[in-house]
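Working notes, beginning with the structure itself.
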Amino acid sequence: MERARLTIESRALHRRIAEVEDADTWVCRPHAPGEIGAALRGRELSTVHRLGKSMWVETGGGPALGLHLGMTGVILIDEEPHPGVWDRFALGFEDGGRLALRDRRRLGRAVLEPDLSNLGPDAGEIGREEFRRRVGRGSAPLKARLMDQGVLAGVGNLLADEALWRAGLHPLRVAGEVSDAELDRLRRALRRTIRDAIRKGGAHTGRLIPHRTPGGACPSCGTALERATVGGRTTWWCPAEQR
DNA sequence: ACCTATGTTGATAC
DNA sequence: GGTATCAACATAGG
């Protein structure tokens, strides 16, 4: 999502919106077709922000446009519409260019004035004390706690596996029983993981990620990785190094 | 054909 | 209230 934000920041700001493709009522829910268009036509994108996996674009006095990529969404600027039907939402600019949300699975969202009140602080920015307070509590598995967007915004399945592996912490540990020293270690690993992911282009660039597959081994010690469902998501970890 | 998987998240049930 | 489960989407692969 930070990649998408930077793309918009560098290539789409200060361009005037001439038309809006908002006919997909699933991706644009709860808006009716034409509603986003009516609100944004004639506006210019002024600034773009991100909190965790959510992004919003301010439109110089108009309503903010919230964008979410779901699992398969990507932001494209000035690209031709895909031959298929994967462009679920788009802004057409006065200069002839275009900003598109291309999303095969349609789990992404485009919405006016997005509600961000259920999100915790950004996972890459949170301080030590608040991280301890928010993550180190409850009876849920540590990984589930990490991925709870109300606790911490921005950690998805891959990032969680990668950060826990780097920190040497078992995903099934009870969150409330993790020590402060371990939480500090986890926060540092998570920060590093997020920065690396942003720099390299995504959470899939992590070191553990390529090995999250049947027969995969820990890239550090060679032990066969274990797999289970944790927090509803497929989870891989090294039984030798993560405790 | 049927079942599984997926860089997510919301509504719902216990 | 916190936690777990299922459903929403579309596609690919065994």
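Everything quoted here is computed from the prediction, not taken from an experiment. Just so it is clear: chains get the letters A, B, ... in the order the sequence lines come, proteins before strands, and each one is counted from 1.
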Handout entry: Spacing between A:R233 atom CZ and B:dT4 atom P, to the nearest angstrom
Key = 16 Å

Handout entry: Interatomic distance, A:I194 CD1 vs B:dG7 P [rounded to whole Å]
Key = 17 Å

Problem - SB check A:R173 A:E177 (cutoff 4.0 Å) - result: no

Handout entry: Single-linkage hydrophobic cluster A:V111~A:L107, side-chain heavy atoms < 4.5 angstrom
Key = no

Exercise for the section: Measure the distance from CG on A:L119 to C1' on B:dT8 and round it to the nearest whole Å. Expected result: 12 Å

Handout entry: Side chain A:D22, main chain A:P33, donor-acceptor under 3.5 Å
Key = no

Completion exercise
The correct list of stems in which DNA chain C takes part (3 or more consecutive Watson-Crick or G-U pairs, distances under 3.5 Å) is B:2-6 with C:10-14, B:8-14 with C:2-8

Problem - Spacing of A:R88 atom CZ relative to C:dA8 atom P, expressed in whole Å - result: 17 Å

Problem - Backbone of A:E182 reached by a side-chain donor or acceptor of A:S179 within 3.5 Å - result: yes

Problem - A:K200 NZ - B:dG7 P separation (whole Å) - result: 18 Å

Problem - Check: A:R105 side chain, B:dT6 base, donor-acceptor under 3.5 Å - result: yes

Problem - Whole-angstrom distance between C:dG2 and B:dG7, as gauged at atom P - result: 28 Å

Exercise for the section: Please say which of A:L65, A:V57, A:I77, A:T59 ends up in a side chain to side chain contact (heavy atoms under 4.5 Å, CB included) with A:L91. Expected result: A:L65

Practice task
Please state whether the phosphate of C:dT11, meaning OP1 or OP2, lies under 4.0 angstrom from any side-chain nitrogen or oxygen of A:W86.
Solution key: yes

Practice task
Would you jot down, in residue-number order, the residues of residues 139-178 of chain A having a non-hydrogen atom under 4.0 Å from DNA chain B?
Solution key: A:Q149, A:G156, A:N157, A:L158

Handout entry: N/O donor-acceptor pair under 3.5 Å between A:R88 side chain and A:G73 backbone
Key = no

Exercise for the section: Compare side-chain N and O positions of A:K53 against OP1 and OP2 of B:dG7 and report whether any pair is under 4.0 Å apart. Expected result: no

Practice task
Can you tell me, in whole Å, how much space there is between the C1' of C:dA12 and that of B:dT9?
Solution key: 22 Å

Problem - Residue A:E80 excluded, over 12 heavy atoms near CD under 6.0 Å - result: no

Fill in the blank from the handout: Heavy-atom nearest nucleotide on DNA chain B taken for A:G231 and for A:R227; more 5' hit belongs to A:R227

Exercise for the section: Please state how far atom CZ in A:R104 lies from atom P in C:dA12, giving the value in whole angstrom units. Expected result: 7 Å

Exercise for the section: Under 4.0 Å between any heavy atoms, over every strand shown, what does A:R109 touch: base, sugar-phosphate, or nothing? Just pick one. Expected result: nothing

Practice task
Give one of base, sugar-phosphate or nothing for A:T72, where a contact means two heavy atoms less than 4.0 Å apart.
Solution key: nothing

Completion exercise
Rounded to whole Å, CZ of A:R102 lies from C1' of C:dA10 at a distance of 16 Å

Practice task
With DNA chain B as reference, determine whether A:M71 or A:N118 sits nearer its 5' end, using the nearest nucleotide of each.
Solution key: A:M71

Exercise for the section: Going by the side chain to side chain contact (heavy atoms under 4.5 Å, CB included) test, name the single residue among A:L76, A:D87, A:V27 that passes it with A:L101. Expected result: A:V27

Practice task
Could you measure between the two P atoms, the one in B:dT6 and the one in C:dT3, and give it in whole Å?
Solution key: 23 Å

Practice task
Quick one: label A:G202 by what it contacts on the DNA or RNA (base, sugar-phosphate, nothing), any heavy atom closer than 4.0 Å.
Solution key: base

Exercise for the section: Look at the side-chain heavy atoms of Ile, Leu, Val, Met, Phe, Trp and Tyr, link any pair under 4.5 Å apart, and say whether A:L142 and A:I194 land in one connected group. Expected result: yes

Practice task
Rounded to whole angstrom, note down the P distance from B:dT4 over to C:dT5.
Solution key: 16 Å

Problem - Stepwise side chain to side chain donor-acceptor pair (under 3.5 Å) check, A:E58 with A:T47 - result: CA-CA 5 Å; A:E58 293 188 67; A:T47 53; 3.2 Å; yes

Exercise for the section: For the side chain of A:H68, starting at C-beta, report the closest nucleotide among B:dG7, B:dT9, C:dT11. Expected result: B:dT9

Problem - Whole angstrom value for the distance that separates P of B:dA5 from CG of A:L107 - result: 17 Å

Practice task
Taking only the side-chain nitrogens and oxygens of A:R106, find out if one of them lies under 4.0 Å from OP1 or OP2 of C:dA10.
Solution key: yes

Handout entry: NZ/NE/NH1/NH2 to OD/OE distance under 4.0 Å, A:K143 and A:D161
Key = yes

